[in-house]
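In what follows, a structure is listed as structure tokens, so that the remarks can point back to it.
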Amino acid sequence: MANTIQFDSSISEFDKELGYKYLKNINTTFEQWEFKVESLSTNSFGLRDDENSLNNPKIISLGDSFCTGWGVEQNETYTDVIEKKLRTKSLNAGMSSFGTIREGIMLKKLERDSLDLVILQYCLNDFQENKTWADSLLKGARFFPSYNEISYKKRVVQNEILRTYFPLRFIFEIIKEVCKELIKPQFGEINFGDKETIAFQTKYFVKSLQLIRRFYKGKILVISLSNSPKRLDPLIIENAKREVANVHLHNIAFLDVGKDLEINDNYYFDGHLTRSGHQKVATQLIDFIQNSNF
């Protein structure tokens with residue numbers, strides 16, 4: 001029932017190359033049951049950052065809604081905290097629900113001449129996009145998004161309908177969710193905690209990293225943030241470390257930023273990071289950047 005940024009017509013629009021992007025040069029609000037973001041603003045590229053950050057950034061952060069800062073104000077995102085604490089130009093290039101494939105395409109569009117570091121945030125739901133495209137793109141295929149303009153606009157309408165309350169709506173939703181839970185085993189739902197599945201996830205994530213390496217040879221710091229109560233991020237990180245070594249990718253480091261997160265660092269219903277969660281992620285990233293040999 002929650003509003004979804006990428007299908008909110010006041011925030012996002014169809015993009016023929018990426019499926020959708022945030023609207024350019026906006027300043028609007030975004031709210032759910034648990035929060036209200038008073039200022040969600042974008043620059044002339046349609047990224048949630050100021051205009052100056054587009055020019056010769058030293059750090060670019062890639063990721064999905066966690067990186068974007070879904071649920072927090074602009075100055076509370078881990079990317080903004082990093083910029084202020086390190087006193088270096090940092091660009092937030094996070095785009096809600098993008099997988100590693102589209103994040104790489106986004107990076108290719110951005111100015112990289114002065115770039116020292118890419119912070120790449122992985123999420124468990126990146127898997128489907130990476131699996132669908134990594135192999136074919138490595139063979140030279142051209143990416144095209146799963147949404148065309150018609151299908152995207154349908155999702156915008158659906159998003160608006162889902163946000164609308166009607167009598168007994170909550171009871172209806174509860175019954176629907178219970179029914180979904182009962183029939184899940186019949187459809188063979190993926191168990192993301194399964195070791196084989198984690199290895200499969202990691203395989204296609206690393207293939208997506210190989211695509212990025214074709215045009216960017218600099219430093220990449222990988223973190224993993226997901227709204228998973230099972231805390232599978234450490235497993236992704238450890239598997240990715242081994243897989244990167246196996247395929248001889250260099251200049252890539254990994255940091256388990258989730259280890260210090262507690263219950264109140266994620267919204268209860270929404271699952272995204274709260275202000276305190278972003279602060280803890282930023283603190284770990286700053287410490288790594290300042291004190292590691294990477």
Side-chain angles (χ1 to χ4, degrees), residues 4-7 12-22 45-48 60-68 70 79 91-112 115 117-149 151-152 155 190 192 197-228 232-233 236-237 239-241 243-244 246-249 251-254:
T4 304
I5 280 182
Q6 62 266 29
F7 302 121
S12 303
E13 64 181 348
F14 172 73
D15 182 86
K16 64 181 180 180
E17 188 171 0
L18 295 168
Y20 46 79
K21 280 176 62 178
Y22 302 144
F45 197 85
L47 296 176
R48 194 187 183 194
I60 293 179
S61 293
L62 300 172
D64 57 17
S65 50
F66 284 89
C67 179
T68 288
W70 176 302
T79 58
L91 175 64
N92 184 349
M95 193 67 60
S96 180
S97 91
F98 272 25
T100 318
I101 296 294
R102 281 184 291 176
E103 290 158 10
I105 295 172
M106 178 71 76
L107 178 62
K108 199 170 186 178
K109 293 174 173 289
L110 299 172
E111 192 172 300
R112 304 187 302 277
L115 190 56
L117 176 67
V118 167
I119 299 174
L120 178 59
Q121 173 249 324
Y122 182 77
C123 184
L124 290 172
N125 62 15
D126 294 352
F127 173 57
Q128 191 60 54
E129 179 176 306
N130 296 347
K131 177 178 176 291
T132 300
W133 282 103
D135 285 327
S136 58
L137 293 180
L138 285 169
K139 294 175 182 177
R142 181 180 177 183
F143 176 83
F144 58 88
S146 57
Y147 292 104
N148 57 32
E149 190 166 8
S151 61
Y152 176 77
R155 287 301 303 268
I190 294 175
F192 285 110
T197 305
I198 291 293
F200 206 43
Q201 279 241 5
T202 306
K203 174 183 176 181
Y204 281 97
F205 171 56
V206 173
K207 286 187 176 188
S208 303
L209 286 176
Q210 288 177 299
L211 285 165
I212 293 175
R213 270 289 176 252
R214 289 183 170 182
F215 64 90
Y216 173 69
K217 307 298 182 184
K219 295 179 180 179
I220 299 176
L221 174 57
V222 176
I223 64 175
S224 181
L225 288 169
S226 303
N227 50 4
S228 166
L232 301 175
D233 302 306
I236 292 288
I237 291 291
N239 274 268
K241 281 182 183 178
E243 187 67 20
V244 161
N246 289 340
V247 298
H248 308 293
L249 286 181
N251 230 13
I252 299 177
F254 297 85

Polar side-chain atom of [X] near backbone of [Y] as donor-acceptor pair, under 3.5 Å:
X: N130; Y: T100; result: yes
X: Q121; Y: S61; result: no
X: S226; Y: L124; result: yes
X: R48; Y: A93; result: no

Applying salt bridge (Lys or Arg N to Asp or Glu O under 4.0 Å), can you list everything that pairs with [X], at least two apart in sequence or on another chain?
X: E17; result: K109
X: K219; result: none
X: K108; result: none

Check whether any side-chain heavy atom of [X] lies under 4.5 Å from a side-chain heavy atom of [Y], and answer yes or no.
X: D126; Y: E103; result: yes
X: Q210; Y: L138; result: yes
X: F254; Y: Y122; result: no
X: D64; Y: S96; result: no
X: F200; Y: F205; result: no
X: L62; Y: I119; result: no
X: L221; Y: L120; result: no
X: Y22; Y: L47; result: no

Looking at every heavy atom in both [X] and [Y], which two are closest together, and how far apart are they?
X: L18; Y: D15; answer: N-OD2, 2.8 Å
X: F215; Y: G104; answer: CZ-O, 3.3 Å
X: S12; Y: I5; answer: OG-O, 2.8 Å

Return the [atom1] to [atom2] distance between [X] and [Y], rounded to the nearest 0.5 Å.
X: L225; Y: S65; atom1: CG; atom2: OG; result: 10.0 Å
X: I60; Y: I220; atom1: CD1; atom2: CD1; result: 11.0 Å
X: E243; Y: I236; atom1: CD; atom2: CD1; result: 11.5 Å

Row check, Y204 ring normal vs K207 NZ/CZ: under 6.0 Å, within 45°: yes

Check ring-ring contact (aromatic ring centres under 6.0 Å, His included) between F45 and all other residues, then give those that pass, not counting sequence neighbours. none

Can you confirm if the aromatic rings of Y147 and F7 lie within a centre distance of less than 6.0 Å? yes

By side chain to side chain contact (heavy atoms under 4.5 Å, CB included), which residues pair with T132, not counting sequence neighbours? Q128

For Y152 and Q6, does a side-chain donor sit closer than 3.5 Å to a side-chain acceptor? no

Would you kindly say whether N92 and T79 are connected by a side-chain donor-acceptor distance under 3.5 Å? yes

Begin with the C-alpha distance, continue with both residues' side-chain angles, and end with the deciding distance and a verdict on side chain to side chain contact (heavy atoms under 4.5 Å, CB included) for K203 and N239. CA-CA 9 Å; K203 174 183 176 181; N239 274 268; over 6 Å; no

So does K217 have more than 12 non-hydrogen atoms from other groups sitting under 6.0 Å from NZ? yes

My understanding is that only residues two or more places apart in sequence, or in another chain, count here; which of them pass side chain to side chain donor-acceptor pair (under 3.5 Å) with E129? R102

Show the numbers, then the answer: is there a side chain to side chain contact (heavy atoms under 4.5 Å, CB included) between K16 and E149? CA-CA 7 Å; K16 64 181 180 180; E149 190 166 8; over 6 Å; no

So F14 and Y20, side chain to side chain contact (heavy atoms under 4.5 Å, CB included) or not? Walk me through it. CA-CA 4 Å; F14 172 73; Y20 46 79; 5.8 Å; no

